[in-house]
Protein chains: 2
Amino acid sequence: MFTLSEENYLKTIYHLELDADKGISTNAIAKKLETKASSVTDMIKKLSDKEVVVYKKYKGVTLTELGKKTAANIVRKHRLWEVFLVEKLNFSWDEVHDVAEQLEHIKSPKLIDQIDAFLGFPTHDPHGDPIPDKDGNLKTIEKSLLSTLLKNESGICVGVNDSSSEFLKFLDKKGITLGKQLTVLEKEDFDGSLSILIDGEKLSISNKIANNLYIQK
Amino acid sequence: MFTLSEENYLKTIYHLELDADKGISTNAIAKKLETKASSVTDMIKKLSDKEVVVYKKYKGVTLTELGKKTAANIVRKHRLWEVFLVEKLNFSWDEVHDVAEQLEHIKSPKLIDQIDAFLGFPTHDPHGDPIPDKDGNLKTIEKSLLSTLLKNESGICVGVNDSSSEFLKFLDKKGITLGKQLTVLEKEDFDGSLSILIDGEKLSISNKIANNLYIQK
DNA sequence: ATATATTTTTAGACAAGACTAAAAATTATT
DNA sequence: AATAATTTTTAGTCTTGTCTAAAAATATAT
Ligand SMILES: [Mn+2]
Ligand SMILES: [Mn+2]
Ligand SMILES: [Mn+2]
Ligand SMILES: [Mn+2]
(Lines give C-alpha, C1' and ligand atoms only; values in the text may rest on other atoms or scores of the structure.)
(Ligands and ions follow the chains in the order given, each with its own letter.)
Protein backbone atom coordinates (compact mmCIF):
# COMPACT_ATOMS: atom_id res chain seq x y z
CA MET A 1 0.00 0.00 0.00
CA PHE A 2 1.21 3.49 -0.79
CA THR A 3 0.81 6.79 1.01
CA LEU A 4 -0.86 9.75 -0.64
CA SER A 5 2.52 11.35 -1.13
CA GLU A 6 4.07 8.23 -2.62
CA GLU A 7 1.14 7.96 -5.02
CA ASN A 8 1.65 11.52 -6.18
CA TYR A 9 5.32 10.91 -6.85
CA LEU A 10 4.55 7.74 -8.79
CA LYS A 11 1.95 9.50 -10.89
CA THR A 12 4.33 12.34 -11.66
CA ILE A 13 7.13 10.02 -12.69
CA TYR A 14 4.65 8.09 -14.83
CA HIS A 15 3.57 11.22 -16.69
CA LEU A 16 7.16 12.36 -17.17
CA GLU A 17 8.21 8.97 -18.51
CA LEU A 18 5.51 9.08 -21.19
CA ASP A 19 7.38 11.74 -23.12
CA ALA A 20 11.04 11.23 -22.20
CA ASP A 21 12.49 7.75 -22.28
CA LYS A 22 15.68 8.42 -20.35
CA GLY A 23 15.73 8.33 -16.55
CA ILE A 24 13.61 11.04 -14.99
CA SER A 25 15.69 13.67 -13.22
CA THR A 26 15.25 14.73 -9.63
CA ASN A 27 14.76 18.31 -10.76
CA ALA A 28 12.04 17.44 -13.26
CA ILE A 29 10.06 15.71 -10.53
CA ALA A 30 10.63 18.58 -8.11
CA LYS A 31 9.38 21.09 -10.66
CA LYS A 32 6.19 19.17 -11.45
CA LEU A 33 5.39 18.56 -7.79
CA GLU A 34 6.38 22.08 -6.76
CA THR A 35 8.73 20.73 -4.13
CA LYS A 36 12.50 20.79 -3.55
CA ALA A 37 15.04 18.49 -5.17
CA SER A 38 16.25 17.32 -1.77
CA SER A 39 12.75 16.19 -0.87
CA VAL A 40 12.57 14.28 -4.12
CA THR A 41 15.83 12.48 -3.40
CA ASP A 42 14.46 11.40 -0.03
CA MET A 43 11.23 10.09 -1.50
CA ILE A 44 12.97 8.34 -4.38
CA LYS A 45 14.90 6.28 -1.86
CA LYS A 46 11.68 5.18 -0.21
CA LEU A 47 10.12 4.29 -3.55
CA SER A 48 13.25 2.38 -4.47
CA ASP A 49 13.04 0.39 -1.22
CA LYS A 50 9.45 -0.44 -2.13
CA GLU A 51 10.65 -1.58 -5.57
CA VAL A 52 8.45 0.69 -7.64
CA VAL A 53 11.37 2.64 -9.09
CA VAL A 54 14.94 1.86 -10.09
CA TYR A 55 17.27 4.49 -8.75
CA LYS A 56 20.92 5.10 -9.56
CA LYS A 57 22.46 8.05 -7.75
CA TYR A 58 22.82 11.08 -9.99
CA LYS A 59 21.22 9.15 -12.87
CA GLY A 60 17.53 9.70 -12.23
CA VAL A 61 14.76 7.13 -11.80
CA THR A 62 12.67 4.82 -13.94
CA LEU A 63 9.49 3.02 -12.92
CA THR A 64 9.56 -0.76 -12.48
CA GLU A 65 6.71 -2.81 -13.89
CA LEU A 66 5.05 -2.70 -10.48
CA GLY A 67 5.58 1.05 -10.39
CA LYS A 68 4.05 1.52 -13.83
CA LYS A 69 1.02 -0.54 -12.94
CA THR A 70 0.52 1.29 -9.67
CA ALA A 71 0.83 4.68 -11.32
CA ALA A 72 -1.45 3.74 -14.21
CA ASN A 73 -4.08 2.65 -11.74
CA ILE A 74 -4.02 6.06 -10.07
CA VAL A 75 -4.33 7.75 -13.46
CA ARG A 76 -7.19 5.37 -14.27
CA LYS A 77 -9.01 6.42 -11.14
CA HIS A 78 -8.34 10.10 -11.78
CA ARG A 79 -9.78 9.96 -15.28
CA LEU A 80 -12.77 7.81 -14.41
CA TRP A 81 -13.69 10.23 -11.64
CA GLU A 82 -13.38 13.12 -14.10
CA VAL A 83 -15.81 11.39 -16.44
CA PHE A 84 -18.19 10.75 -13.55
CA LEU A 85 -18.14 14.38 -12.47
CA VAL A 86 -18.84 15.64 -15.98
CA GLU A 87 -21.32 12.99 -17.09
CA LYS A 88 -23.31 12.48 -13.92
CA LEU A 89 -22.81 15.53 -11.72
CA ASN A 90 -22.91 18.39 -14.23
CA PHE A 91 -19.38 19.56 -13.65
CA SER A 92 -17.79 21.33 -16.60
CA TRP A 93 -14.46 20.07 -17.93
CA ASP A 94 -12.56 22.93 -16.33
CA GLU A 95 -13.82 22.13 -12.81
CA VAL A 96 -12.98 18.46 -12.45
CA HIS A 97 -9.24 18.21 -12.13
CA ASP A 98 -8.77 19.40 -8.56
CA VAL A 99 -11.53 17.17 -7.21
CA ALA A 100 -10.16 14.21 -9.16
CA GLU A 101 -6.76 14.87 -7.57
CA GLN A 102 -8.40 14.01 -4.26
CA LEU A 103 -10.67 11.20 -5.44
CA GLU A 104 -7.85 9.34 -7.20
CA HIS A 105 -6.47 8.34 -3.79
CA ILE A 106 -9.61 6.56 -2.54
CA LYS A 107 -8.76 2.92 -1.97
CA SER A 108 -11.52 0.53 -2.99
CA PRO A 109 -11.21 -1.79 -5.97
CA LYS A 110 -14.95 -2.38 -5.99
CA LEU A 111 -15.69 1.33 -6.03
CA ILE A 112 -13.68 2.02 -9.15
CA ASP A 113 -14.98 -1.07 -10.94
CA GLN A 114 -18.55 0.01 -10.23
CA ILE A 115 -17.90 3.60 -11.31
CA ASP A 116 -16.40 2.23 -14.53
CA ALA A 117 -19.50 0.12 -15.19
CA PHE A 118 -21.86 2.90 -14.12
CA LEU A 119 -20.26 5.13 -16.74
CA GLY A 120 -20.46 2.47 -19.45
CA PHE A 121 -16.71 1.72 -19.56
CA PRO A 122 -15.52 5.01 -21.02
CA THR A 123 -12.23 5.02 -22.94
CA HIS A 124 -11.34 8.70 -22.61
CA ASP A 125 -11.68 11.40 -19.97
CA PRO A 126 -13.34 14.80 -20.54
CA HIS A 127 -10.05 16.23 -21.83
CA GLY A 128 -9.59 13.51 -24.42
CA ASP A 129 -6.96 11.62 -22.44
CA PRO A 130 -7.14 7.83 -22.57
CA ILE A 131 -8.21 5.86 -19.50
CA PRO A 132 -5.78 3.02 -18.65
CA ASP A 133 -7.44 -0.39 -18.38
CA LYS A 134 -7.35 -2.50 -15.21
CA ASP A 135 -3.92 -3.88 -16.15
CA GLY A 136 -2.53 -0.40 -16.63
CA ASN A 137 -2.37 -0.48 -20.42
CA LEU A 138 -3.44 2.57 -22.34
CA LYS A 139 -4.08 2.73 -26.03
CA THR A 140 -3.11 6.06 -27.51
CA ILE A 141 -4.81 7.27 -30.65
CA GLU A 142 -2.68 9.19 -33.13
CA LYS A 143 -3.45 12.83 -32.88
CA SER A 144 -1.72 15.98 -34.13
CA LEU A 145 -1.51 19.49 -32.82
CA LEU A 146 -3.81 21.83 -34.69
CA SER A 147 -0.71 23.90 -35.46
CA THR A 148 0.67 21.08 -37.63
CA LEU A 149 -2.36 21.03 -39.94
CA LEU A 150 -1.91 22.52 -43.39
CA LYS A 151 -4.23 24.84 -45.24
CA ASN A 152 -7.47 23.12 -46.30
CA GLU A 153 -6.86 20.12 -44.04
CA SER A 154 -9.58 19.23 -41.60
CA GLY A 155 -10.01 17.00 -38.59
CA ILE A 156 -11.86 16.38 -35.36
CA CYS A 157 -10.96 17.97 -32.07
CA VAL A 158 -9.91 15.12 -29.75
CA GLY A 159 -7.86 16.56 -26.93
CA VAL A 160 -6.05 19.41 -25.21
CA ASN A 161 -2.40 19.82 -24.41
CA ASP A 162 -2.96 22.50 -21.80
CA SER A 163 -5.79 21.50 -19.49
CA SER A 164 -5.72 24.57 -17.28
CA SER A 165 -9.07 25.95 -16.27
CA GLU A 166 -8.31 29.19 -18.14
CA PHE A 167 -7.64 27.48 -21.44
CA LEU A 168 -10.67 25.23 -21.15
CA LYS A 169 -12.97 28.12 -20.36
CA PHE A 170 -11.54 29.99 -23.32
CA LEU A 171 -12.35 27.03 -25.58
CA ASP A 172 -15.90 26.93 -24.19
CA LYS A 173 -16.33 30.59 -25.00
CA LYS A 174 -15.21 30.02 -28.57
CA GLY A 175 -17.47 27.00 -28.94
CA ILE A 176 -14.60 24.58 -29.36
CA THR A 177 -15.40 21.25 -27.70
CA LEU A 178 -14.17 17.70 -28.17
CA GLY A 179 -15.75 15.94 -31.11
CA LYS A 180 -16.17 19.02 -33.26
CA GLN A 181 -15.01 19.01 -36.85
CA LEU A 182 -12.86 21.89 -38.06
CA THR A 183 -11.06 22.95 -41.24
CA VAL A 184 -8.04 25.18 -41.67
CA LEU A 185 -9.01 27.99 -44.06
CA GLU A 186 -5.93 30.13 -43.78
CA LYS A 187 -2.51 29.87 -42.17
CA GLU A 188 -0.30 32.88 -41.46
CA ASP A 189 3.39 32.10 -41.71
CA PHE A 190 4.77 35.03 -39.76
CA ASP A 191 2.88 34.48 -36.48
CA GLY A 192 1.48 30.97 -36.91
CA SER A 193 -2.10 32.11 -36.47
CA LEU A 194 -4.93 30.29 -38.22
CA SER A 195 -8.33 30.93 -39.62
CA ILE A 196 -10.55 27.89 -39.13
CA LEU A 197 -14.07 26.86 -40.01
CA ILE A 198 -16.04 25.32 -37.14
CA ASP A 199 -19.83 24.86 -36.95
CA GLY A 200 -20.05 26.76 -40.21
CA GLU A 201 -18.43 29.78 -38.56
CA LYS A 202 -15.06 31.36 -39.35
CA LEU A 203 -12.81 31.67 -36.32
CA SER A 204 -9.38 33.26 -35.71
CA ILE A 205 -7.00 31.08 -33.75
CA SER A 206 -3.68 32.26 -32.32
CA ASN A 207 -0.56 30.12 -32.52
CA LYS A 208 -0.69 29.54 -28.77
CA ILE A 209 -4.17 28.04 -29.07
CA ALA A 210 -3.21 25.97 -32.10
CA ASN A 211 -0.31 24.52 -30.12
CA ASN A 212 -2.58 23.25 -27.39
CA LEU A 213 -5.39 21.59 -29.31
CA TYR A 214 -5.16 18.03 -30.56
CA ILE A 215 -6.82 17.05 -33.81
CA GLN A 216 -7.47 13.66 -35.34
CA LYS A 217 -7.17 13.88 -39.10
CA MET B 1 -9.39 24.00 6.86
CA PHE B 2 -8.91 20.82 8.85
CA THR B 3 -6.57 17.88 8.43
CA LEU B 4 -7.86 14.36 7.99
CA SER B 5 -6.90 13.58 11.55
CA GLU B 6 -8.59 16.67 12.95
CA GLU B 7 -11.74 15.79 11.05
CA ASN B 8 -11.79 12.31 12.51
CA TYR B 9 -11.45 13.68 16.03
CA LEU B 10 -14.25 16.19 15.44
CA LYS B 11 -16.55 13.52 14.08
CA THR B 12 -15.84 11.24 17.04
CA ILE B 13 -16.53 13.96 19.58
CA TYR B 14 -19.73 14.82 17.69
CA HIS B 15 -21.00 11.25 17.88
CA LEU B 16 -20.08 10.97 21.56
CA GLU B 17 -21.83 14.23 22.40
CA LEU B 18 -25.09 12.99 20.86
CA ASP B 19 -25.66 10.58 23.73
CA ALA B 20 -23.84 12.15 26.68
CA ASP B 21 -24.32 15.80 27.43
CA LYS B 22 -21.40 16.29 29.81
CA GLY B 23 -17.92 17.05 28.54
CA ILE B 24 -16.43 14.21 26.50
CA SER B 25 -13.53 12.52 28.25
CA THR B 26 -10.09 11.98 26.81
CA ASN B 27 -10.42 8.27 27.38
CA ALA B 28 -13.76 8.01 25.58
CA ILE B 29 -12.25 9.63 22.50
CA ALA B 30 -9.15 7.45 22.70
CA LYS B 31 -11.28 4.33 22.86
CA LYS B 32 -13.43 5.23 19.87
CA LEU B 33 -10.46 6.24 17.76
CA GLU B 34 -8.34 3.29 18.90
CA THR B 35 -5.53 5.58 19.94
CA LYS B 36 -3.85 6.57 23.21
CA ALA B 37 -5.12 9.10 25.73
CA SER B 38 -1.90 11.09 25.44
CA SER B 39 -2.41 11.47 21.70
CA VAL B 40 -5.93 12.70 22.34
CA THR B 41 -4.71 15.35 24.77
CA ASP B 42 -2.27 16.61 22.14
CA MET B 43 -4.93 16.84 19.47
CA ILE B 44 -7.48 18.43 21.78
CA LYS B 45 -5.09 21.31 22.31
CA LYS B 46 -4.81 21.86 18.57
CA LEU B 47 -8.58 21.75 18.16
CA SER B 48 -8.95 24.18 21.03
CA ASP B 49 -6.50 26.59 19.35
CA LYS B 50 -8.64 26.35 16.23
CA GLU B 51 -11.73 27.14 18.33
CA VAL B 52 -13.75 24.06 17.42
CA VAL B 53 -13.73 22.66 20.95
CA VAL B 54 -13.75 24.13 24.45
CA TYR B 55 -11.16 22.43 26.60
CA LYS B 56 -10.65 22.63 30.36
CA LYS B 57 -7.81 20.48 31.64
CA TYR B 58 -9.04 17.28 33.26
CA LYS B 59 -12.64 18.27 32.47
CA GLY B 60 -13.06 16.93 28.95
CA VAL B 61 -14.11 18.78 25.79
CA THR B 62 -17.28 20.09 24.21
CA LEU B 63 -17.73 21.19 20.62
CA THR B 64 -18.23 24.89 19.87
CA GLU B 65 -20.91 25.90 17.36
CA LEU B 66 -18.24 25.96 14.66
CA GLY B 67 -17.06 22.53 15.77
CA LYS B 68 -20.58 21.11 15.64
CA LYS B 69 -21.18 22.50 12.18
CA THR B 70 -17.87 21.19 10.91
CA ALA B 71 -18.48 17.74 12.36
CA ALA B 72 -22.06 17.58 11.10
CA ASN B 73 -20.83 18.41 7.62
CA ILE B 74 -18.44 15.45 7.70
CA VAL B 75 -21.24 13.17 8.87
CA ARG B 76 -23.42 14.60 6.11
CA LYS B 77 -20.82 13.69 3.52
CA HIS B 78 -20.32 10.22 5.01
CA ARG B 79 -24.01 9.39 4.88
CA LEU B 80 -24.64 10.86 1.44
CA TRP B 81 -21.75 8.81 0.05
CA GLU B 82 -23.22 5.71 1.69
CA VAL B 83 -26.53 6.35 -0.04
CA PHE B 84 -24.73 6.89 -3.32
CA LEU B 85 -22.83 3.63 -3.03
CA VAL B 86 -25.96 1.63 -2.27
CA GLU B 87 -28.38 3.38 -4.63
CA LYS B 88 -26.15 3.92 -7.63
CA LEU B 89 -23.24 1.53 -7.41
CA ASN B 90 -24.88 -1.65 -6.13
CA PHE B 91 -23.01 -1.82 -2.86
CA SER B 92 -24.81 -3.63 -0.08
CA TRP B 93 -25.36 -1.85 3.21
CA ASP B 94 -22.61 -3.82 4.91
CA GLU B 95 -19.94 -2.75 2.40
CA VAL B 96 -20.26 1.02 2.41
CA HIS B 97 -18.91 2.24 5.72
CA ASP B 98 -15.19 1.84 5.12
CA VAL B 99 -15.30 3.52 1.72
CA ALA B 100 -17.42 6.34 3.14
CA GLU B 101 -14.79 6.81 5.84
CA GLN B 102 -12.43 7.81 3.04
CA LEU B 103 -14.88 9.72 0.86
CA GLU B 104 -16.14 11.89 3.74
CA HIS B 105 -12.82 13.78 3.67
CA ILE B 106 -13.03 14.93 0.04
CA LYS B 107 -13.14 18.70 -0.01
CA SER B 108 -15.48 20.13 -2.63
CA PRO B 109 -18.73 21.89 -1.70
CA LYS B 110 -20.00 21.54 -5.25
CA LEU B 111 -19.34 17.81 -5.26
CA ILE B 112 -21.46 17.09 -2.22
CA ASP B 113 -24.28 19.41 -3.35
CA GLN B 114 -24.41 17.63 -6.68
CA ILE B 115 -24.33 14.19 -5.09
CA ASP B 116 -27.19 15.28 -2.85
CA ALA B 117 -29.25 16.42 -5.85
CA PHE B 118 -28.27 13.37 -7.90
CA LEU B 119 -29.67 11.18 -5.13
CA GLY B 120 -32.88 13.18 -4.86
CA PHE B 121 -32.04 14.80 -1.49
CA PRO B 122 -32.24 11.69 0.69
CA THR B 123 -33.01 12.16 4.38
CA HIS B 124 -31.55 8.92 5.72
CA ASP B 125 -28.55 6.74 4.99
CA PRO B 126 -28.73 2.98 4.26
CA HIS B 127 -28.59 2.20 7.98
CA GLY B 128 -31.53 4.46 8.82
CA ASP B 129 -29.36 7.26 10.22
CA PRO B 130 -30.49 10.82 9.44
CA ILE B 131 -28.45 12.97 7.05
CA PRO B 132 -27.63 16.42 8.49
CA ASP B 133 -28.72 19.33 6.27
CA LYS B 134 -26.27 21.90 4.90
CA ASP B 135 -26.44 23.91 8.14
CA GLY B 136 -25.63 20.85 10.21
CA ASN B 137 -29.09 20.28 11.65
CA LEU B 138 -30.42 16.79 11.87
CA LYS B 139 -33.98 15.79 12.59
CA THR B 140 -34.23 12.59 14.55
CA ILE B 141 -37.32 10.46 14.31
CA GLU B 142 -38.48 8.75 17.46
CA LYS B 143 -37.59 5.12 17.32
CA SER B 144 -37.44 2.33 19.89
CA LEU B 145 -35.31 -0.73 20.24
CA LEU B 146 -37.14 -3.86 19.19
CA SER B 147 -36.39 -5.21 22.66
CA THR B 148 -38.68 -2.56 24.19
CA LEU B 149 -41.74 -3.68 22.20
CA LEU B 150 -44.41 -5.60 24.09
CA LYS B 151 -46.24 -8.70 23.01
CA ASN B 152 -48.60 -8.05 20.09
CA GLU B 153 -47.09 -4.64 19.35
CA SER B 154 -45.87 -4.04 15.83
CA GLY B 155 -43.77 -1.47 14.00
CA ILE B 156 -41.53 -0.76 11.06
CA CYS B 157 -37.84 -1.49 11.01
CA VAL B 158 -36.09 1.91 10.68
CA GLY B 159 -32.52 1.54 11.83
CA VAL B 160 -29.70 -0.43 13.38
CA ASN B 161 -27.76 0.21 16.54
CA ASP B 162 -24.85 -2.02 15.58
CA SER B 163 -23.83 -1.35 12.00
CA SER B 164 -21.02 -3.87 11.84
CA SER B 165 -20.75 -5.83 8.64
CA GLU B 166 -21.43 -9.04 10.55
CA PHE B 167 -24.70 -7.86 12.02
CA LEU B 168 -25.91 -6.38 8.75
CA LYS B 169 -25.15 -9.57 6.85
CA PHE B 170 -26.97 -11.52 9.52
CA LEU B 171 -30.04 -9.32 9.05
CA ASP B 172 -29.84 -9.84 5.28
CA LYS B 173 -29.80 -13.58 5.80
CA LYS B 174 -32.91 -13.40 7.99
CA GLY B 175 -34.68 -11.15 5.49
CA ILE B 176 -34.79 -8.21 7.87
CA THR B 177 -34.34 -4.94 5.98
CA LEU B 178 -35.29 -1.33 6.66
CA GLY B 179 -38.92 -0.55 5.93
CA LYS B 180 -40.24 -3.98 6.82
CA GLN B 181 -43.18 -4.32 9.15
CA LEU B 182 -42.95 -6.74 12.05
CA THR B 183 -45.06 -7.87 14.99
CA VAL B 184 -44.00 -9.33 18.32
CA LEU B 185 -45.78 -12.65 18.76
CA GLU B 186 -44.07 -13.89 21.87
CA LYS B 187 -41.65 -12.51 24.42
CA GLU B 188 -39.58 -14.72 26.75
CA ASP B 189 -38.85 -13.08 30.07
CA PHE B 190 -35.90 -15.18 31.19
CA ASP B 191 -33.62 -14.58 28.18
CA GLY B 192 -35.32 -11.66 26.46
CA SER B 193 -35.72 -13.56 23.21
CA LEU B 194 -38.63 -12.83 20.89
CA SER B 195 -40.77 -14.53 18.34
CA ILE B 196 -41.75 -12.09 15.61
CA LEU B 197 -43.85 -12.12 12.48
CA ILE B 198 -42.19 -10.64 9.41
CA ASP B 199 -43.28 -11.10 5.78
CA GLY B 200 -45.89 -13.59 7.04
CA GLU B 201 -43.12 -15.75 8.48
CA LYS B 202 -42.45 -16.56 12.11
CA LEU B 203 -38.89 -15.77 13.21
CA SER B 204 -36.92 -16.32 16.42
CA ILE B 205 -34.91 -13.31 17.56
CA SER B 206 -32.30 -13.37 20.33
CA ASN B 207 -32.08 -10.60 22.87
CA LYS B 208 -28.83 -9.40 21.33
CA ILE B 209 -30.51 -8.89 17.99
CA ALA B 210 -33.54 -7.22 19.55
CA ASN B 211 -31.21 -4.76 21.28
CA ASN B 212 -29.68 -3.64 18.01
CA LEU B 213 -32.74 -3.07 15.82
CA TYR B 214 -34.70 0.17 15.85
CA ILE B 215 -38.44 0.12 15.29
CA GLN B 216 -40.87 2.90 14.63
CA LYS B 217 -44.20 2.10 16.25
C1' DA C 1 42.30 20.17 -19.38
C1' DT C 2 40.82 23.38 -16.12
C1' DA C 3 37.62 26.35 -14.37
C1' DT C 4 32.79 27.42 -13.92
C1' DA C 5 28.02 26.44 -13.61
C1' DT C 6 24.40 23.33 -12.67
C1' DT C 7 22.37 19.35 -10.65
C1' DT C 8 22.04 16.13 -7.10
C1' DT C 9 22.88 14.40 -2.64
C1' DT C 10 23.80 14.78 2.31
C1' DA C 11 23.31 16.73 6.86
C1' DG C 12 20.57 18.75 10.03
C1' DA C 13 16.16 20.94 11.38
C1' DC C 14 11.10 21.22 11.81
C1' DA C 15 5.90 20.24 12.09
C1' DA C 16 2.23 16.79 12.45
C1' DG C 17 0.67 12.95 14.63
C1' DA C 18 1.49 9.08 17.04
C1' DC C 19 3.71 6.34 21.06
C1' DT C 20 5.71 5.04 26.06
C1' DA C 21 6.76 6.06 30.64
C1' DA C 22 6.30 8.98 34.41
C1' DA C 23 4.03 12.73 36.97
C1' DA C 24 -0.07 15.07 38.43
C1' DA C 25 -4.91 15.45 39.19
C1' DT C 26 -9.28 13.48 40.03
C1' DT C 27 -12.38 9.92 41.74
C1' DA C 28 -13.46 5.97 44.58
C1' DT C 29 -12.82 3.28 48.81
C1' DT C 30 -12.04 2.35 53.31
C1' DA D 1 -9.86 12.21 55.95
C1' DA D 2 -6.45 9.35 54.28
C1' DT D 3 -5.27 5.91 50.94
C1' DA D 4 -5.81 3.51 46.71
C1' DA D 5 -7.27 3.30 41.98
C1' DT D 6 -8.15 5.57 37.81
C1' DT D 7 -7.80 9.20 34.54
C1' DT D 8 -5.36 12.79 32.42
C1' DT D 9 -1.42 15.38 31.35
C1' DT D 10 3.50 16.06 30.53
C1' DA D 11 8.05 14.90 28.83
C1' DG D 12 10.57 12.79 25.64
C1' DT D 13 10.99 9.81 21.41
C1' DC D 14 9.78 8.23 16.68
C1' DT D 15 8.21 8.35 11.69
C1' DT D 16 6.74 10.80 7.58
C1' DG D 17 7.39 14.34 4.64
C1' DT D 18 9.10 18.65 4.11
C1' DC D 19 12.73 22.44 4.20
C1' DT D 20 17.60 25.07 4.01
C1' DA D 21 22.43 25.13 3.59
C1' DA D 22 26.49 22.87 2.43
C1' DA D 23 29.07 19.26 0.03
C1' DA D 24 29.74 16.29 -3.86
C1' DA D 25 29.09 14.94 -8.53
C1' DT D 26 28.16 15.97 -13.22
C1' DA D 27 27.86 18.98 -17.21
C1' DT D 28 29.37 23.11 -19.72
C1' DA D 29 32.57 26.59 -21.25
C1' DT D 30 36.88 28.46 -21.96
MN1 LIG E 1 -7.03 15.85 -14.46
MN1 LIG F 1 -8.18 14.83 -17.51
MN1 LIG G 1 -20.96 4.59 8.14
MN1 LIG H 1 -24.38 4.74 7.97
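Within every chain, numbering begins at 1; the chains are lettered A, B, ... in the order of the sequence lines, protein sequences first and strands thereafter. Heavy-atom basis, side chains included; hydrogens, waters and symmetry copies ignored.
- Rounded to whole Å, atom C1' of D:dA11 lies 17 Å from atom NZ of B:K36.
- The aromatic rings of A:F84 and A:F118 sit tilted, their planes meeting at an angle between 30° and 60°.
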query = Stepwise, does the salt bridge (Lys or Arg N to Asp or Glu O under 4.0 Å) test hold for A:K208 with A:D162?
reply = CA-CA 10 Å; A:K208 185 169 178 188; A:D162 170 5; over 6 Å; no

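- Counting distance only, with no hydrogens placed and no angle test, the side-chain atoms of A:S25 and the base atoms of C:dT7 include no donor-acceptor pair under 3.5 Å.
- Protein atom OH of B:Y58 is 6 Å distant from nucleotide atom P of D:dT10, rounded to whole Å.
- Here A:S38 lies in heavy-atom contact (under 4.0 Å) with a base.
- Residue side chain A:S5 does not reach the base of D:dT16 through any donor-acceptor N/O pair under 3.5 Å, judged by distance alone.
- Of all nucleotides listed (D:dT9, C:dA18, C:dG17), D:dT9 comes nearest to the side chain of B:K57.
- The aromatic rings of B:H78 and B:H97 sit tilted, their planes meeting at an angle between 30° and 60°.
- For A:K22 and D:dT26, the NZ to P distance is 17 Å, given to the nearest whole Å.
- For B:K46, whose side chain is taken as the heavy atoms from C-beta onward, the closest listed nucleotide among C:dA16, C:dA18, D:dC19 is C:dA16.
- At a threshold of 4.0 angstrom between heavy atoms, the contacts of B:K45 are confined to the sugar-phosphate backbone, with no base atom among them.
- Closest to the side chain of B:T41, out of D:dG17, C:dT9, D:dT10, is D:dT10.
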